[in-house]
Every structure is written in structure tokens, then in C-alpha cells.
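Because only heavy atoms are used, hydrogens play no part in the values below, and waters and symmetry mates are left out as well, while side chains stay in.
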Amino acid sequence: MHRVVTALKIWRHYIYGEKCYIYTDHKSLKCLLIQKKLNLRQRRWIKLLKDYNCIIEYHPEKANAVADALSRK
């Protein structure tokens, strides 16, 4: 989730006010928005996500090969 928040902060001037899709291979990120017990860091992340019109989509690791290649150095 830290990488998603960092990317949102870096690209905010392009995506603020636009509908954006976040594709991830972490199933837990999709459930983050409906969890009841969150720590302070997760609450800050949720607050930041609510400022944007983002939809988090889960894709299995094998189907998400492009994102995996982009995240590696």
C-alpha cells in the first residue's frame, strides 16, 4: 500500500479529479477499504485514497505481469 500512496502523491496533478484504476496482486488492498480495525498509518492512507476517484482492482500475480515488471529494478 505504501507504493500506491507514494505513486498517488507523485502523480496527483495528473489523476486528481479523474477516475483511475489501481491494479494490484495484493488481495488485501481491495479489502482495506471495508476493514473496521485500522492502525493510524492505514487510516491516513484511506483518507488520502478518498481524495481521489480510485478503484482498486485485484489481478492474480500471473495476470499482472506488466505491473510486476515495472516494479522491479
Side-chain angles (χ1 to χ4, degrees):
M1 185 65 183
H2 177 49
R3 290 183 184 195
V4 172
V5 171
T6 304
L8 286 174
K9 288 179 181 179
I10 291 172
W11 297 97
R12 71 177 171 259
H13 52 281
Y14 292 112
I15 61 175
Y16 192 76
E18 300 290 328
K19 188 173 189 177
C20 66
Y21 293 90
I22 299 171
Y23 296 102
T24 180
D25 60 349
H26 296 284
K27 198 174 220 178
S28 61
L29 291 183
K30 188 165 176 82
C31 301
L32 184 69
L33 299 173
I34 59 172
Q35 286 183 356
K36 293 184 179 181
K37 291 186 177 182
L38 299 171
N39 62 30
L40 292 176
R41 181 181 297 163
Q42 290 170 332
R43 289 180 195 163
R44 280 195 314 258
W45 290 343
I46 295 297
K47 186 177 177 182
L48 182 93
L49 278 175
K50 288 185 179 182
D51 289 342
Y52 297 94
N53 188 10
C54 293
I55 298 171
I56 299 175
E57 294 287 333
Y58 169 72
H59 284 274
E61 187 175 343
K62 292 180 182 178
N64 205 10
V66 175
D68 190 37
L70 291 173
S71 66
R72 300 197 187 276
K73 293 183 179 181

Listed pairs under 3.5 Å, donor-acceptor, residues 37-48 side chains, sequence neighbours left out:
from : atom 1 : to  : atom 2 : distance (Å)
N39  : OD1    : R41 : N      : 3.2
N39  : OD1    : Q42 : N      : 2.8
Q42  : OE1    : N39 : N      : 3.1
R43  : NE     : L38 : O      : 3.3
R43  : NH2    : L38 : O      : 3.2

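- From N53, atom CG reaches atom SG of C20 across 7.0 Å, with rounding to the nearest 0.5 Å.
- Ring-plane geometry between Y21 and Y23 is classed as parallel, the angle between the planes falling under 30 degrees on a 0 to 90 degree scale with a further cut at 60.
- Annotation: the span from L29 atom CG to I56 atom CD1 amounts to 6.0 Å, rounded to 0.5 Å.
- Annotation for Y52 and L8: closest pair OH-O, 3.5 Å, computed over non-hydrogen atoms.
- For the atom pair C54 SG and I22 CD1, the distance stands at 4.0 Å (nearest 0.5 Å).
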